[in-house]
Amino acid sequence: MTTVQPATSAELLRRHRAVLPAWLATYYREPIELTHGEGRHVWDAEGNRYLDFFGGILTTMTAHALPEVTAAVREQAGRILHTSTLYLSTPMVELAERIAELSGIPDAKVFFTTSGTEANDAALLLATAHRRSNQVLALRNSYHGRSFSTIGITGNAAWSPTSLSPLQTLYVHGGVRDSGPFAALSDAEFIAACVADLEEMLGQAQGSVAALIAEPIQGVGGFTHGPDGLLAAFREVLQRHGILWISDEVQTGWGRTGEHFWGWQAHGQAGPPDVLTFAKGIANGMSMGGVVARAEVMDCLDANSISTFGGSPITCAAALANLDHLLKHDLQGNALRTGAVLRERLAQAELPVVRALRGKGLMLGVALPDAQAAGAALEHARELGLLIGRGGRAGDTLRIAPPLSLTDAEAREGADLLIEALRRVSA
């Protein structure tokens, strides 16, 4: 019998480029294939082991090959993989009940999707239908997905390949604290200036505005965010005008920020959002996203709809097991503690190449002078055995987002590897 040898990375890259889009980005000068993982570590096709500080873009939320999730997927796969929303599903109903309760939104209903992009798409559909308006407020430097409608509300030119959109988007200040015209202000003055900007923008709107969509911490934007309380101040203005608040929790949800279970809770003085979107880590790598909304908003559509893959039995089984593990082991508290270890160690290193440390919990951004420095840091970190992410409007920020089960020892190890990578950049 002939043994088929696995393709080398170079050969796989050649095949990748031949059949996949040129705009499909990959990391590293010599892209790698990750073949398996365990805990907070992954291995590539050449057998190299890495400490994973990016989790497949914040999606391996608890741990690689988490036994509870693996067992739940295996058990469900042995019964039935797929049914669609045309049939009742115990895993879907149970998961919806739990997420509705955890969301903090009163009288909440849940709709499951297959990604964060699709979740934000659905939220926009609900908001514009409910308000009978296609005008949407979004923050500058934002990112909400890669579909036609979500690109239309993305305030980051690097991720917006077209100016065409079914929506009229009005961009307001507030997503970036350390640059722009309000950077020198105190937090209170910054909030007041952003609220004044919002009020002025609403004065220029033609008719009603459907919603404001905002990431509590901007993900692709480089883990930037305004002061706590900013979105609450926005909420007061929105409520006067009947405008909905959509909190994009695709990256900030499930306790990643450490301080709160949801990012919106740092702005909770004005109560919960009308609509909340989630995805990424809820199913620990299985394709799942969703929308939570007040029943009045969720039920506003007057046409039939289904979801072929949203809320499938296997993804819901994975999500239920993952959520159980997250809550049982207080991974939110762990994110707060280990995130503080990471931040303190990076701050104490006093690296001249670091412009700013941003974010909260296990969602930390390391802002560097430019994209070239960030690209070099990414390469050096990989050579040292550490996988990290990259973002920022100019591509100048490193994104640090390990699985939430990160240990203190791994936090110190990862911080030291990153510090060494940054010292190599400086040199």
Side-chain angles (χ1 to χ4, degrees), residues 55 58-59 61-62 98-106 108 110 116 119-120 123 139 142 174-175 177 187 190-191 212-219 221-236 238 245-282 284 289-294 319 322-344 357-365 399-406 411:
L58 291 81
T59 301
M61 181 170 70
T62 48
R98 299 198 65 184
I99 292 175
E101 182 179 359
L102 288 166
S103 73
I105 296 174
V110 181
N120 285 332
L139 298 186
S142 60
R177 181 68 184 90
D187 283 353
F190 182 93
I191 291 174
L212 165 74
I213 185 168
E215 305 158 271
I217 298 177
Q218 295 184 326
F223 291 174
T224 62
H225 60 91
D228 289 356
L230 172 65
L231 297 180
F234 279 179
R235 171 73 154 164
E236 293 179 6
L238 300 177
W245 171 24
I246 304 171
S247 187
D248 180 345
E249 302 275 355
V250 169
Q251 297 194 35
T252 51
W254 317 110
R256 178 164 288 281
T257 68
E259 296 175 353
H260 303 286
F261 196 73
W262 303 105
W264 71 260
Q265 291 171 315
H267 311 268
Q269 302 94 316
D274 301 288
V275 183
L276 176 155
T277 60
F278 62 86
K280 295 291 186 190
I282 177 57
N284 207 41
V291 184
V292 191
R294 292 187 287 110
N322 197 45
L323 187 56
D324 280 343
H325 180 87
L326 176 119
L327 295 172
K328 180 180 178 181
H329 295 276
D330 186 24
L331 295 192
Q332 176 187 331
N334 190 64
L336 183 65
R337 183 180 64 257
T338 54
V341 171
L342 272 171
R343 179 184 281 274
E344 182 180 5
L357 288 175
R358 303 172 177 148
K360 299 179 179 182
L362 288 180
M363 192 174 181
L364 296 177
R399 298 165 69 195
I400 313 303
L404 302 188
S405 58
L406 186 75

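- Between the CG atom of Leu58 and the CD1 atom of Ile400 there is a distance of 10.5 Å, given to the nearest 0.5 Å.
- Ala214 and Leu231 make their closest contact through CB-CD2, 4.0 Å (heavy atoms, listed as atom of the first residue, atom of the second, distance).
- Remark: Ala319 pairs with Leu95, Ile282, Ala283, Met288 by the side chain to side chain contact (heavy atoms under 4.5 Å, CB included) rule, at least two apart or across chains.
- Side-chain atoms of Leu102 and Leu323, non-hydrogen and from C-beta on, do get closer than 4.5 Å to each other.
- To the nearest 0.5 angstrom, Phe278 atom CZ is 12.5 Å from Ser247 atom OG.
- Judged as a side chain to side chain contact (heavy atoms under 4.5 Å, CB included), and not counting sequence neighbours, the contacts of Arg177 are Asp187, Phe190, Pro227.
- In plain terms, the two heavy atoms of Ala119 and Val291 that are nearest each other are O-CG2, 3.2 Å.
- For Asn120, the side-chain hydrogen bond (donor to acceptor under 3.5 Å, both in side chains) partners two or more places apart in sequence, or in a different chain, are Asp248, Thr277.
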Handout entry: Derivation of the side chain to side chain contact (heavy atoms under 4.5 Å, CB included) call for Leu404 and Thr62
Key = CA-CA 5 Å; Leu404 302 188; Thr62 48; 5.7 Å; no
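- In this structure Thr59 satisfies the side-chain hydrogen bond (donor to acceptor under 3.5 Å, both in side chains) test with no other residue, sequence neighbours excluded.
- Taking the side-chain hydrogen bond (donor to acceptor under 3.5 Å, both in side chains) definition, one finds that Ser142 meets it with nothing, sequence neighbours left out.
- Glu215 has its side chain out of reach of Val250: every pair of non-hydrogen atoms, C-beta onward, lies at least 4.5 Å apart.
- Residue pairs that meet the salt bridge (charged side-chain N to carboxylate O under 4.0 Å, His left out) test with at least one member in residues 322-339, sequence neighbours left out, are Arg98-Asp324, Arg337-Asp408.
- Within the 4.5 Å cutoff, the side chain of Arg399 has heavy atoms near those of the Gln251 side chain.
- For Thr224, the side chain to side chain contact (heavy atoms under 4.5 Å, CB included) partners two or more places apart in sequence, or in a different chain, are Asn141, Val176, Gln218, Arg358.
- Residues Pro272 and Pro106 form a side-chain contact, since some pair of their non-hydrogen atoms from C-beta on lies under 4.5 Å apart.
- Contacts of Arg343 classified as side chain to side chain contact (heavy atoms under 4.5 Å, CB included), with partners at least two apart in sequence or in another chain: Leu357, Leu364.
- Pairs of residues two or more places apart, or lying in two chains, that qualify as side chain to side chain donor-acceptor pair (under 3.5 Å) and include a residue from residues 252-270 are Glu249-Thr252, Glu259-Lys360.
- Residues that satisfy the side-chain hydrogen bond (donor to acceptor under 3.5 Å, both in side chains) test with Asp274, not counting sequence neighbours, are Arg235, Arg294.
- Looking at Asn334, its side chain never comes within 3.5 Å of a backbone N or O of His329 through a donor-acceptor pair.
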